[in-house]
Amino acid sequence: MKKIFPLTLLLLLILLPASGSAQAQNPRVVLETSQGLVEIELFKDKAPVSADNFLEYVDNGFYNGKIFHRVIPGFMIQGGGFDANMSQAQTRPPIKNEAGNGLKNRRGTLAMARTNVVDSATAQFFINLADNAFLDHNAPTPKGYGYAVFGQVVKGMEVVDAIAGLPTTTVGAHADVPVSPVIIISARRVKTVDDATP
């Protein structure tokens with residue numbers, strides 16, 4: 001027994017660092033907009049459905065050429081569904097609402113936009129400009145379900161704030177539309193912060 005114990009301890013010391021270094025990091029995405037770069041960390045650990053859904057749209061180039069079509073200072077900026085002509089793009093089927101994941105709609109977080117139907121989110125997302133607690137999950141009911149947070153701006157919040165300060169107008173049935181389109185030129189994955197600059 002005395003000979004086996006040191007051997008077991010040695011194996012543990014060898015294996016533990018390896019397993020720690022192999023731990024997966026949350027994926028990151030950079031939105032190159034007409035106002036500048038915004039880097040996002042996706043909380044795939046707590047919002048796997050929403051994060052994977054967003055990444056699939058990113059990888060398919062869906063967001064390229066889309067705009068931030070709804071901008072409300074002190075509240076949020078919303079995009080990912082319309083082009084500069086305010087034509088709405090066709091999306092994949094809606095996903096499950098993960099608002100009960102414990103993440104809060106705080107300043108700088110990304111959440112899935114949806115209709116009054118709980119599980120109706122597709123491609124559109126918004127970035128919170130303030131701590132919007134009234135959007136958080138507080139009950140398993142249509143009114144209390146909330147909006148699922150799935151990411152966080154880690155670089156470029158000044159770009160988000162600049163977008164929020166742009167003049168807006170009404171286009172057809174859509175209010176709070178920036179007068180000059182804020183275009184998502186590209187959306188792409190990055191491995192590290194250093195990879196974020198094109």
Side-chain angles (χ1 to χ4, degrees), residues 29-40 42 47 50-51 53-58 60-95 97-99 103-137 142-143 145-153 155-187:
V29 167
V30 164
L31 302 179
E32 181 185 357
T33 79
S34 52
Q35 293 290 315
L37 299 179
V38 179
E39 184 176 349
I40 300 157
L42 302 180
S50 303
N53 175 69
F54 185 79
L55 286 171
E56 190 167 346
Y57 281 114
V58 167
N60 289 338
F62 176 88
Y63 291 122
N64 301 348
K66 301 300 184 294
I67 62 169
F68 282 97
H69 66 277
R70 187 173 174 227
V71 170
I72 305 177
F75 179 33
M76 59 91 221
I77 66 171
Q78 181 176 336
F82 293 85
D83 64 19
N85 296 316
M86 289 302 291
S87 296
Q88 190 166 9
Q90 187 171 357
T91 63
R92 298 194 310 276
I95 60 172
N97 190 325
E98 296 180 297
L103 298 173
K104 306 298 183 184
N105 282 275
R106 296 197 171 113
R107 173 173 162 79
T109 56
L110 272 75
M112 294 303 301
R114 63 175 177 85
T115 67
N116 291 331
V117 178
V118 170
D119 296 326
S120 60
T122 54
Q124 290 187 42
F125 61 93
F126 61 91
I127 302 175
N128 286 293
L129 298 171
D131 293 347
N132 294 316
F134 69 97
L135 298 179
D136 294 339
H137 176 81
K143 283 188 177 181
Y145 213 90
Y147 293 76
V149 171
F150 68 98
Q152 168 80 47
V153 174
K155 188 176 180 181
M157 196 61 195
E158 71 280 2
V159 175
V160 175
D161 289 333
I163 294 170
L166 295 173
T168 60
T169 187
T170 298
V171 179
H174 302 280
D176 308 306
V177 181
V179 173
S180 297
V182 180
I183 301 169
I184 301 172
I185 298 166
S186 70

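Computed over heavy atoms, backbone and side chain alike; hydrogens, waters and symmetry mates excluded.
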Would you check, one step at a time, whether the test side-chain contact (heavy atoms from CB on, under 4.5 Å) holds for L103 with T109?
-> CA-CA 9 Å; L103 298 173; T109 56; over 6 Å; no
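- Considering all non-hydrogen atoms of both residues, V149 and K104 come closest at CG2-O, 3.4 Å.
- Taking CG from L42 and CD from Q152, the interatomic distance works out to 11.0 Å, rounded to the nearest 0.5 Å.
- Residues forming a side chain to side chain donor-acceptor pair (under 3.5 Å) with D176 (at least two apart in sequence, or on another chain): none.
- With N105 contributing its side chain and Y147 its backbone, the two residues share a donor-acceptor pair below 3.5 Å.
- Between L135 and N128, the closest side-chain pair of non-hydrogen atoms falls below 4.5 Å.
- Partners of A99 according to the side-chain contact (heavy atoms from CB on, under 4.5 Å) rule, which considers only residues two or more places apart in sequence or in another chain, are N97, H137, Y145, A148.
- For S180, there are no side-chain contact (heavy atoms from CB on, under 4.5 Å) partners at least two apart in sequence or on another chain.
- Side-chain atoms of L166 and V179, non-hydrogen and from C-beta on, never get closer than 4.5 Å to each other.
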Distance-only check: which donor-acceptor pairs under 3.5 Å involve side-chain atoms of residues 62-71, not counting sequence neighbours?
{"from": "Y63", "atom 1": "OH", "to": "A123", "atom 2": "O", "distance (Å)": "2.7"}
{"from": "N64", "atom 1": "OD1", "to": "A187", "atom 2": "N", "distance (Å)": "3.0"}
{"from": "K66", "atom 1": "NZ", "to": "F62", "atom 2": "O", "distance (Å)": "2.6"}
{"from": "H69", "atom 1": "NE2", "to": "Q124", "atom 2": "OE1", "distance (Å)": "3.4"}
{"from": "R70", "atom 1": "NH1", "to": "Q78", "atom 2": "OE1", "distance (Å)": "3.1"}

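- With rounding to the nearest 0.5 Å, the separation of CG in L110 from CZ in F150 is 4.5 Å.
- Scored by the side chain to side chain donor-acceptor pair (under 3.5 Å) test, S186 finds E32 as partners (sequence neighbours excluded).
- Pairs of residues two or more places apart, or lying in two chains, that qualify as side-chain hydrogen bond (donor to acceptor under 3.5 Å, both in side chains) and include a residue from residues 161-171 are R107-D161.
- Sorted by first and then second residue, the salt bridge (charged side-chain N to carboxylate O under 4.0 Å, His left out) pairs involving residues 116-135 (not counting sequence neighbours) form an empty list.
- Side-chain contact between V159 and L37 is absent, with no heavy-atom pair separated by less than 4.5 Å.
- When the side chain to side chain donor-acceptor pair (under 3.5 Å) test is applied to S120, the partners found at least two apart in sequence or on another chain are T115.
- Residues passing the side-chain contact (heavy atoms from CB on, under 4.5 Å) test with E158: none are found, sequence neighbours excluded.
- Across all non-hydrogen atoms, the minimal contact from F126 to M76 is CB-SD, 3.6 Å.
- Q35 contributes no side-chain N or O that, together with a main-chain N or O of A162, makes up a donor-acceptor pair within less than 3.5 Å.
- Atom OG1 of T33 sits about 8.0 Å away from atom CD1 of I77, to the nearest 0.5 Å.
- Residues forming a side-chain contact (heavy atoms from CB on, under 4.5 Å) with N85 (at least two apart in sequence, or on another chain): D83, S87.
- Partners of N53 according to the side chain to side chain donor-acceptor pair (under 3.5 Å) rule, which considers only residues two or more places apart in sequence or in another chain, are R92.
- By the 4.5 Å heavy-atom criterion applied to side chains, S50 and I95 are counted as neighbours.
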